[in-house]
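Each remark here refers to the structure printed beneath this line.
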Amino acid sequence: MSDKHWQAAPEDDAAGQNTNTQQQDAEPAMSALPNDAPKASVKKETTDGDGNVRSAKEWRLIERLIMSLQGEQRKSRRWGIFFKSLTFLYLFAILGIFIMESQFSSDVLDQPPHTAVVQVNGPIANGQDASADSIIYSLRRAFKAEDSRAVLVRINSPGGSPVQSGYVYDEIKRLRQVYPEKKVYAVITDIGASGAYYIAAAADEIYADKASLVGSIGVVSSGFGFVDLMSKLGVERRALTAGDNKALLDPFSPLRDEDRQFWQTVLDTTHKQFIEQVKLGRGERLKDNPELYSGLVWTGEQALELGLIDGLASSSTVAREIVGAEQLVEYSPQVSPLKELADQLGVSFAKAISTQLGLNTPVQLQ
């Protein structure tokens, strides 16, 4: 008996030590759990040593985290849709305003007696706002309108193509004969030079501001020569033609004297045509001054003394005091609401680039 008792004592000590060890191991586990966790469950989890229970609790935490993330994503999507909807509503509202304004343009509403306005803005050239097609279209509408008392051509242009200017000049002369009861007044704002003055000369009377630039009755043709530069770079020019003068004014070939003389005759002929049309339009109002046709440009005051214009006045002054119909109604083509909106958003950049590439005529009135 004493032997058995002696042998059992270490086993009891070992069991006690194991129990103490389990209790010590359980204390850190209990301290790691939240304070509000049930004590019984914690004791069961630690005492049973069941890993499945702890894994289930971890999965529940992961599920809660995933659900919260999904909720945040839903909220983010809802706010994104909300702000996108506001943006589209804003754009559609702007578009609606433009459309409503276009509905009340001069094309829709009956206008009372007024002075019809046709714009000549910018370079006069095919494809530009101040092309002959655009200006002539506006002139015909302005003359045809029953309530227009007169046609006012408002000019702010440095000139351009003699061909385009000639088209407009001839059309004004024709319309004046078709509608003899309606006078045409040209009003120069900042500048009315070269081809722009060519057009103005077809009007019954011309007005400008005292500081406006008027005249420049001349013709210019300009270019560049790269012969010496090509020689320094070692570049050889190879131009094959059928016709002795097919490569006339080639910038990569030397300018021959006969080419210069021939092209000068072209410029002189165009200048002579310009002078004849100005004299035909202005008649005896022009002063006998040879510098009138030298290509010089004059202020409004100087132009009045030379007979290039008939008075110093603005568009409103002409409509109110000379025509007797103070209201000004625009007859030039208006930009569509969609195009205006696109231009405001910066889409007109491509058009500006294409306009600068290759639409200039070789001969310009200057």
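Please read all numbers here as calculations on a predicted model, not as lab measurements. Numbers for residues simply follow the sequence, beginning at 1.
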Partner residues of R149 under the salt bridge (charged side-chain N to carboxylate O under 4.0 Å, His left out) criterion, sequence neighbours left out: none
Please name all residues satisfying side chain to side chain donor-acceptor pair (under 3.5 Å) with [X], sequence neighbours left out, ordered by chain then number.
{"X": "S294", "value": "none"}
{"X": "S316", "value": "none"}
{"X": "S138", "value": "none"}

Do V187 and V214 share a hydrophobic cluster, counting only Ile, Leu, Val, Met, Phe, Trp and Tyr and linking them when any side-chain heavy atoms are less than 4.5 Å apart? no
Going only through I, L, V, M, F, W and Y residues with side-chain contacts under 4.5 Å, is there a path from I217 to Y198? yes
Members sharing [X]'s hydrophobic cluster (side chains within less than 4.5 Å):
{"X": "L61", "result": "none"}
{"X": "I62", "result": "W59, I66"}
{"X": "L213", "result": "I191, V297"}
{"X": "F252", "result": "F224, F226, L229, M230, L233, V235"}

Show me the donor-acceptor pairs, under 3.5 Å and distance only, between side chains in residues 318-329 and residues at least two apart or in other chains.
{"from": "Q327", "atom 1": "NE2", "to": "Q111", "atom 2": "OE1", "distance (Å)": "3.4"}

Looking only at atom types and distance, does a side-chain atom of [X] sit under 3.5 Å from a main-chain N or O of [Y], one as donor and one as acceptor?
{"X": "S157", "Y": "G122", "result": "yes"}
{"X": "R282", "Y": "G307", "result": "yes"}
{"X": "H271", "Y": "G295", "result": "no"}
{"X": "S131", "Y": "G127", "result": "no"}
{"X": "S148", "Y": "A116", "result": "no"}

Examine the side chains of Q261 and D257 and answer whether a donor and an acceptor come within less than 3.5 Å of each other. no
Going by the ring pair (Phe, Tyr, Trp, His ring centres under 6.0 Å) test, which pairs reach into residues 126-167, not counting sequence neighbours? F143-Y179
Of all pairs that satisfy ring pair (Phe, Tyr, Trp, His ring centres under 6.0 Å), the ones with a partner from residues 308-330, not counting sequence neighbours: none
Interatomic distance, CZ@R256 vs CG@D250, rounded to 0.5 Å, equals 10.5 Å
State the CD-CG distance between Q277 and L280, to the nearest 0.5 angstrom. 6.0 Å
Can a salt bridge be assigned to the pair K279 and E276 using a cut-off of 4.0 Å between side-chain N and carboxylate O? no
In a table with atom names and distances, give each donor-acceptor pair under 3.5 Å that connects a side chain of residues 202-209 to protein atoms at least two apart or in another chain.
{"from": "D204", "atom 1": "OD1", "to": "R176", "atom 2": "NE", "distance (Å)": "3.4"}
{"from": "D204", "atom 1": "OD1", "to": "R176", "atom 2": "NH2", "distance (Å)": "2.6"}
{"from": "D204", "atom 1": "OD2", "to": "V184", "atom 2": "N", "distance (Å)": "2.7"}
{"from": "E205", "atom 1": "OE1", "to": "Y207", "atom 2": "OH", "distance (Å)": "2.4"}
{"from": "D209", "atom 1": "OD2", "to": "A211", "atom 2": "N", "distance (Å)": "2.9"}

